Amino acid sequence: MLGSVVVYGLVFGWLLHKPLTIGTIRDYFTVKLERAARIQSPKIVLLGGSNVRVGLSCKRIEQKTGVPCVNAGFLADVGIDLMVEKFSPLLGRGDVVYIPLAYEQYFWSRRFVETQRDAAYLFSYDRATLLRMPLSRQMRALFRYDPPYLASAVAENLLAAAGIRRQAGGDRQFGAHNLNAWGDDTGHTRERGRDFAAVLAAAPAVPPDPDTFHPQDYYYTQELLRFLDASRERGITVIGGLPQTVDEFEIPEVVIGRLQALFRDHGQPFIVLPNRSQYPRDCFYDSLYHLNEECQRQHTDDLIPQLEPYLP
């Protein structure tokens, strides 16, 4: 039995990785952590999922405010616990963190968070960090593998060896090579986004439900609140915000009020843009959370005046 576990661990932890998907998480962390370590406090950190990576421009924020900035947006299924574990040591007094979570993220359970793709990243590429995380995180990372994962890992390695990458619109390929020096995603232009026109046209625009929007009891939100408290005690401002989405529905006032209360009850601000971070459908690239590059610039320009009162 023990021998089987050892072989299992060697295969999935050391020998057989998924370079085109899980490996991209490693590559993102490399670029973004190096940037965060290189710039001095006070700085701005944009933290969150792919809506942050794709939809905001740290380069533009730094150019317009003069404050160093790093885009620490990843993928939605990189847990907030992992992002906090990696970036908190690089935050200092006077730093400003902006975190516009997607509405559904507030409701993610512990089991859901601990069984996403970042579990494979931790076991395959970052076991030192995994060992610092709770035992449940470690066990779910260790035992998340199955025959379909094995088959897809073999396929990814063959594709990577042949120089084939995932396509991401037009001649654009998915990966950390699309990141600029600030950690922003680039190249997702309106023109390249035409490849996803049918996907966007079929995507439903679903507003958050005010009757069920009670996020405070969910694991992801509880982890967020712990981060708000720890940051406040260290002199770090963490600003909440609304995620960018389509302008085809009204975001209920009750939902906004509850999100504001989450942050303000823990001594941190929450800002709401005049347009509530909502844009026309043709502003989006490949999903209704991902702005194209042209509207990324617009959204960033809309955000900057709201951030400026909190900047050094």
Side-chain angles (χ1 to χ4, degrees), residues 17-40 43-65 67-80 82-87 90-91 95 97-102 117-118 121-122 124-126 129 156 160 163-193 195-196 243-244 284-287 289-301 303-304:
H17 300 163
K18 295 180 71 172
L20 303 184
T21 52
I22 308 304
T24 299
I25 299 176
R26 173 204 57 193
D27 298 340
Y28 283 159
F29 269 117
T30 298
V31 172
K32 294 164 184 284
L33 287 169
E34 285 180 357
R35 168 70 179 172
R38 191 167 59 250
I39 59 178
Q40 300 295 312
K43 59 181 172 290
I44 301 167
V45 179
L46 308 180
L47 192 67
S50 56
N51 66 308
V52 172
R53 187 190 82 243
V54 175
L56 286 167
S57 171
C58 251
K59 177 181 179 180
R60 201 165 181 87
I61 290 173
E62 183 171 326
Q63 288 174 341
K64 288 181 174 288
T65 67
V67 181
C69 185
V70 56
N71 187 323
F74 289 88
L75 308 169
D77 53 2
V78 172
I80 191 170
L82 176 54
M83 289 189 287
V84 168
E85 176 70 27
K86 301 293 281 185
F87 280 90
L90 302 175
L91 297 176
D95 286 351
V97 179
Y98 178 62
I99 181 166
L101 295 178
R117 282 182 291 177
D118 64 351
Y121 154 76
L122 283 163
S124 295
Y125 296 109
D126 197 358
T129 298
E156 283 196 22
I164 299 173
R165 291 178 174 268
R166 295 164 60 195
Q167 294 304 117
D171 59 349
R172 188 171 182 262
Q173 296 178 322
F174 184 80
H177 59 278
N178 292 318
L179 301 179
N180 63 19
W182 291 261
D184 308 320
D185 225 40
T186 64
H188 51 297
T189 61
R190 191 186 305 271
E191 179 62 31
R192 288 190 174 119
D195 286 357
F196 303 102
Q244 58 269 27
F284 292 84
Y285 186 67
D286 58 358
S287 88
Y289 274 135
H290 294 170
L291 293 173
N292 59 40
E293 198 167 35
E294 292 82 356
C295 291
Q296 176 202 66
R297 292 192 290 269
Q298 178 186 341
H299 181 50
T300 302
D301 289 348
L303 175 65
I304 288 171

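Computed from a predicted structure; not experimentally measured.
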* **Any donor-acceptor N/O pair, Asp95 side chain to Val45 backbone, under 3.5 Å** => no
* Side-chain H-bond candidate by donor/acceptor type, Thr21 with Glu156, under 3.5 Å -> yes
* To do: Test Leu75 against Arg53 for side chain to side chain contact (heavy atoms under 4.5 Å, CB included), laying out the working first.
  => CA-CA 8 Å; Leu75 308 169; Arg53 187 190 82 243; 3.3 Å; yes
* Phe74 side, atom CZ; Asp118 side, atom CG - distance, nearest 0.5 Å -> 10.5 Å
* **Side chain to side chain, Lys32 and Leu179, heavy atoms closer than 4.5 Å** => yes
* Shortest non-hydrogen separation from Ser50 to His290 and the atoms involved -> OG-NE2, 2.7 Å
* Asked: Hey, is the main chain of Leu56 close enough, under 3.5 Å, to the side chain of Asn71 for a donor-acceptor pair?
  -> yes
* Structure fact -> Given the options Thr300, Asp301, Thr65, Arg60 meets side-chain hydrogen bond (donor to acceptor under 3.5 Å, both in side chains) only with Asp301
* **Smallest separation among heavy atoms of Tyr289 and Asn51, with atom names** => O-CB, 3.5 Å
* Distance, nearest 0.5 Å, that separates CD of Glu62 from CD1 of Ile304 -> 11.0 Å
* Asked: Considering residues, nucleotides and ligands other than Lys59, do more than 12 of their heavy atoms fall under 6.0 Å from its NZ?
  -> no
* Asked: Tell me, do Ile22 and Arg26 make a side-chain contact under 4.5 Å, heavy atoms counted?
  -> no
* To do: Start with the C-alpha distance between Leu122 and Thr129, add both sets of side-chain angles, then the distance that settles side chain to side chain contact (heavy atoms under 4.5 Å, CB included), and finish with yes or no.
  => CA-CA 7 Å; Leu122 283 163; Thr129 298; 4.0 Å; yes
* To do: First locate atom OH of Tyr285, then atom SG of Cys295, and finally report the distance between them rounded to the nearest 0.5 Å.
  => 13.5 Å
* To do: Compare all side-chain heavy atoms of Glu293 with those of Ser57 and state whether any distance is below 4.5 angstrom.
  => no
* Asked: So, for Pro19 and Ala160, which heavy atoms are closest and what is the spacing to 0.1 Å?
  -> CG-CB, 3.8 Å
* Structure fact -> When rounded to the nearest 0.5 Å, the distance separating CZ of Phe87 from CD1 of Ile80 is 12.5 Å
* To do: Assess whether side chain to side chain contact (heavy atoms under 4.5 Å, CB included) is satisfied between Leu47 and Val52, documenting all intermediate values.
  => CA-CA 7 Å; Leu47 192 67; Val52 172; over 6 Å; no
* Can you check whether Tyr121 and Phe29 have ring centres sitting under 6.0 Å from each other? -> yes
* Shortest non-hydrogen contact from Leu90 to Lys43? -> O-NZ, 2.7 Å
* Asked: Are the side chains of Leu46 and Ile61 in touch, meaning some heavy atoms are under 4.5 Å apart?
  -> yes
* Salt bridge Lys86-Asp126, side-chain N to carboxylate O under 4.0 Å -> yes
* Where the side chain of Gln244 meets the backbone of His299, is there a donor-acceptor pair that is under 3.5 Å apart? -> no
* Asked: Would Trp182 and Val70 satisfy side chain to side chain contact (heavy atoms under 4.5 Å, CB included), going step by step from the backbone distance to the final call?
  -> CA-CA 5 Å; Trp182 291 261; Val70 56; over 6 Å; no
* To do: For Gln296 and His188, indicate whether the former's side chain and the latter's backbone hold a donor-acceptor pair under 3.5 Å.
  => no
